[in-house]
Amino acid sequence: IYGKRKEWDSVAKMLALSIYVNPYDQDIQKRLGKASMESGHWPEAVSSYQSLVGLNPTDPAGAHYDLARALLASGKKQQAKREILRSLEIAPGFREAQELLLKLIGAEQ
């Protein structure tokens, strides 16, 4: 219900409670990361995406990409670059990851 209303703070709170029930659920971790990003809670987003990466996800390139976006949003550009490179090692043709890498490189110059 909160997701349909785009009440991201409430979505994140409910999903955080769900983590206590099943901390190994990849879908919950991904949705919590998204809700935290949408609500501007960068540390929670980073934590959720780090957990997702550690769970050996079905889409590892996407998980590293999401983690890179959260790290970049929290101001950790070097760590974000490392994660985006990991994403591109897994899926070299991943267009969104390529664009984020170009954005990171452009910000360095």
Side-chain angles (χ1 to χ4, degrees):
I1 294 172
Y2 292 128
K4 289 180 183 178
R5 294 181 190 165
K6 299 191 188 283
E7 295 177 14
W8 299 114
D9 283 330
S10 297
V11 171
K13 287 177 186 174
M14 293 296 115
L15 290 170
L17 292 174
S18 298
I19 295 295
Y20 289 114
V21 175
N22 188 0
Y24 303 109
D25 188 316
Q26 294 178 19
D27 183 53
I28 292 174
Q29 292 289 358
K30 184 171 179 134
R31 289 173 42 205
L32 177 57
K34 179 183 177 188
S36 297
M37 287 283 289
E38 292 290 339
S39 62
H41 297 121
W42 316 127
E44 290 85 359
V46 169
S47 176
S48 181
Y49 287 134
Q50 284 174 333
S51 296
L52 179 62
V53 167
L55 290 173
N56 195 17
T58 55
D59 178 17
H64 284 284
Y65 170 74
D66 288 336
L67 177 55
R69 288 182 330 132
L71 288 165
L72 180 61
S74 66
K76 299 175 180 176
K77 292 180 182 176
Q78 283 302 104
Q79 291 175 335
K81 186 176 177 182
R82 183 177 35 222
E83 290 301 323
I84 206 66
L85 289 172
R86 286 181 182 150
S87 175
L88 288 169
E89 286 175 0
I90 297 165
F94 188 2
R95 180 168 297 285
E96 289 88 1
Q98 292 170 349
E99 291 171 1
L100 184 58
L101 180 61
L102 290 174
K103 181 180 174 183
L104 282 166
I105 291 171
E108 289 176 356
Q109 296 176 355

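Taking every heavy atom of both residues into account, Pro57 and Pro60 meet most closely at O-CD, 3.6 Å. Taking all atoms of both residues into account, the shortest heavy-atom contact from Met37 to Ala45 is CG-CB, 3.7 Å. The minimum heavy-atom distance between Leu52 and Gln26, with the atom names listed, is CD1-O, 3.6 Å. The two residues Val53 and Leu67 make their nearest non-hydrogen contact at CG2-CD2, 4.1 Å. Taking each heavy atom of Ile84 and Ala68 in turn, the nearest pair found is N-CB, 3.8 Å. Considering all non-hydrogen atoms of both residues, Leu32 and Ala12 come closest at CD1-O, 3.4 Å.
One N or O on the side chain of Ser39 and one on the backbone of Ala35 form a donor-acceptor pair closer than 3.5 Å. The main-chain N or O of Tyr24 is never found under 3.5 Å from a side-chain atom of Gln29 such that the two would form a donor-acceptor pair. The backbone N or O of Pro43 sits nowhere less than 3.5 Å from a side-chain atom of Ser47 that would complete a donor-acceptor pair.
Atom-to-atom distance recorded for Lys81:NZ and Lys103:NZ is 15.0 Å, nearest 0.5 angstrom. For the atom pair CG of Leu15 and CD of Glu44, the computed distance is 12.5 Å after rounding to the nearest 0.5 Å.
Within the 4.5 Å cutoff, side-chain heavy atoms of Glu99 are placed close to those of Arg95. Counting heavy atoms from C-beta outward, Tyr65 and Glu83 have side chains that stay 4.5 Å or more apart. For the pair Arg69 and Leu72, the minimum side-chain heavy-atom distance is 4.5 Å or more. For the pair Ser87/Phe94, a side-chain contact is recorded, criterion being any heavy-atom separation below 4.5 Å from C-beta on. The shortest side-chain heavy-atom distance between Ile19 and Pro23 falls under the 4.5 Å cut-off.
Ion pairing between Lys30 and Asp27 fails under the 4.0 Å rule for side-chain N and carboxylate O. Ionic pairing of Arg86 and Glu89 is not present here: no N-O contact between side-chain nitrogen and carboxylate oxygen is shorter than 4.0 angstrom.
Applying the 6.0 Å contact sphere to CG of Asn56 captures no more than 12 heavy atoms from other residues, nucleotides or ligands.
Residues Leu88 and Ile105 share a hydrophobic cluster, clusters being chains of Ile/Leu/Val/Met/Phe/Trp/Tyr side chains in contact below 4.5 Å.
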